[in-house]
Protein chains: 2
Amino acid sequence: MIMGKSHEERRQEIIEATMALSVEKGLKKLTTQAIADRVGIAQPTIFRHFKSRDEIFGAVISWVGESLFKVVGGFFTGSGPADERLHQLILNQLAFMNRQRAIPRVLFSDRLHLESPKLKAVVQKMMDGYARSLIRLLEEGVAEGVFRQDLDPEQTARYLVAMIQGLVMRWSVYEFNFSLEDEAEPLWRFLWPSLKP
Amino acid sequence: MIMGKSHEERRQEIIEATMALSVEKGLKKLTTQAIADRVGIAQPTIFRHFKSRDEIFGAVISWVGESLFKVVGGFFTGSGPADERLHQLILNQLAFMNRQRAIPRVLFSDRLHLESPKLKAVVQKMMDGYARSLIRLLEEGVAEGVFRQDLDPEQTARYLVAMIQGLVMRWSVYEFNFSLEDEAEPLWRFLWPSLKP
DNA sequence: TTGAAAAGCAATCAATTACTCACAAATGAT
DNA sequence: ATCATTTGTGAGTAATTGATTGCTTTTCAA
């Protein structure tokens, strides 16, 4: 019997295996057995490190959310003109998702939402926080005069989130067969006329 | 034993029960037992009318797709200025989805896509046909001069689809707690600056 | 060195669920 | 009216899968 890993190391291995499998196989085949096989441990050992299957997904969601916030958080509160920060935000967010393919499979999955009200609440809380930061950024831009004066920040934030989420879902459905990162600049050029003063 | 219904009637009942349940409970609880209970028949009777569970979903997808095309098809090929047709298309499509809540739960569900390659192909074929019609409409608008001359029809079609799909997914995740139809006009006003000449 | 705690596993449970089968009841064309 | 076809059902099967249990092995601090 090999027991090289500590509790925390194993937890992280399980989280990473879960994300990798969500990309490769989708959530249907994401059984505790499949995760255990991927990690190289027996299926019941999973439950030494997580109380339940849902707890694994919860940990994955938290990990992804924190990673995403590390990447884009700076643009919400950083200095510089709001339009340029929004531009960079979209660029960096799509580039991050381009690397972290588990995001659409786990975070944007309607499956998790409808199966587990608890996980749904976790995701919604994250999304709401993201939306609030985006609204603030848009408000700053309107005040600075770099966006349309009659721009509705809440509405615009909804549309921006919807657009990005729709794009990412499409990218996921098409098996990631195009570069999400390369889509960022054209998207910004398309959106800019609706934002500019 | 009551056997009032013909084969076709039962099939339709099963399709409608499946759609209703997808709205109420999501796909997780969408078992053949639940469908049978809803229709008021025994669970094995389901399999007198459908060869498999996937065949039910296939029938639902086809039915929804045909219904949607009946509503929006006219705007693709109709007469009149392309910008006004696009405007009406978005209005009518969101109004239709506002009534047919099963669409995001079934058609836009990543679950079906990843679970059944066959159903995924059916949905993608429908989506591709929709996108092609939209591209043609945009091309006509550019030729008419009612849209920007440097507008890229394929790219714009992708963005429009992504935006609508993102909005509808959000609406579904939030349990349909706002009117999708009321979102259509503001959405059009937001998008128009990116389309107009 | 040692012994309690942690990490591992084989075996198994319990629940779920799509699907089958043998047979009964209803239907409808002749 | 009759009987072949269709529609229906209760009972059961096989497969999947999250989670438990009892026991073994490894780890590591005292």
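By convention in this document, chain letters (A, B, ...) are assigned in the order of the sequence lines, proteins followed by strands, and residues within each chain are numbered from 1.
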Is the B:Tyr159 ring parallel, tilted or perpendicular to the A:Phe190 ring (thresholds 30°, 60°)? tilted

Residue [X], side-chain heavy atoms: nucleotide from [options] that is nearest:
| X | options | value |
| --- | --- | --- |
| B:Arg48 | D:dC23, C:dC23, D:dG10 | C:dC23 |
| B:Pro44 | C:dA22, C:dA18, C:dC21 | C:dC21 |
| A:Phe47 | D:dG8, D:dG18, C:dA10 | D:dG18 |
| A:Thr31 | D:dT17, C:dC19, C:dG8 | D:dT17 |

Between the base of [N] and the side chain of [X], is there a donor and acceptor pair under 3.5 angstrom?
| X | N | result |
| --- | --- | --- |
| A:Arg53 | D:dG18 | no |
| B:Gln33 | C:dA18 | no |
| A:Gln43 | C:dC9 | no |

Spacing of [X] atom [atom1] relative to [N] atom [atom2], expressed in whole Å:
| X | N | atom1 | atom2 | answer |
| --- | --- | --- | --- | --- |
| A:Gln12 | C:dA7 | CD | C1' | 18 Å |
| A:Ile14 | D:dA19 | CD1 | P | 13 Å |
| A:Ile46 | D:dT20 | CD1 | C1' | 15 Å |
| B:Leu30 | C:dT16 | CG | C1' | 15 Å |
| B:Glu9 | D:dG8 | CD | C1' | 15 Å |
| A:Ile56 | D:dA19 | CD1 | C1' | 11 Å |

Give a yes/no answer on whether the side chain of [X] brings an N or O atom under 4.0 Å of OP1 or OP2 in [N].
| X | N | result |
| --- | --- | --- |
| A:Thr32 | D:dT17 | no |
| A:Thr45 | C:dA7 | no |
| B:His49 | D:dG8 | yes |
| B:Arg10 | D:dT6 | no |

Are B:Arg136 and B:Glu154 within salt-bridge range, i.e. N to O under 4.0 Å?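 No salt bridge links B:Arg136 with B:Glu154.
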
Counting C-beta onward and ignoring hydrogens, is there a side-chain heavy-atom pair between B:Arg170 and B:Tyr174 closer than 4.5 Å?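 Yes - at least one pair of side-chain heavy atoms lies under 4.5 Å apart.
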
Sugar-phosphate, base or nothing in reach of B:Ile41, heavy atoms under 4.0 Å: sugar-phosphate

Do A:Arg105 side-chain atoms and A:Ser172 backbone N/O form a donor-acceptor pair below 3.5 Å? yes

Between A:Lys29 and B:Gly40, which residue's closest nucleotide on DNA chain D lies nearer the 5′ terminus? B:Gly40

Considering the options B:Leu134, B:Leu89, B:Ile90, B:Leu91, which one meets the side chain to side chain contact (heavy atoms under 4.5 Å, CB included) requirement together with B:Val72?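 Passing option: B:Leu89.
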
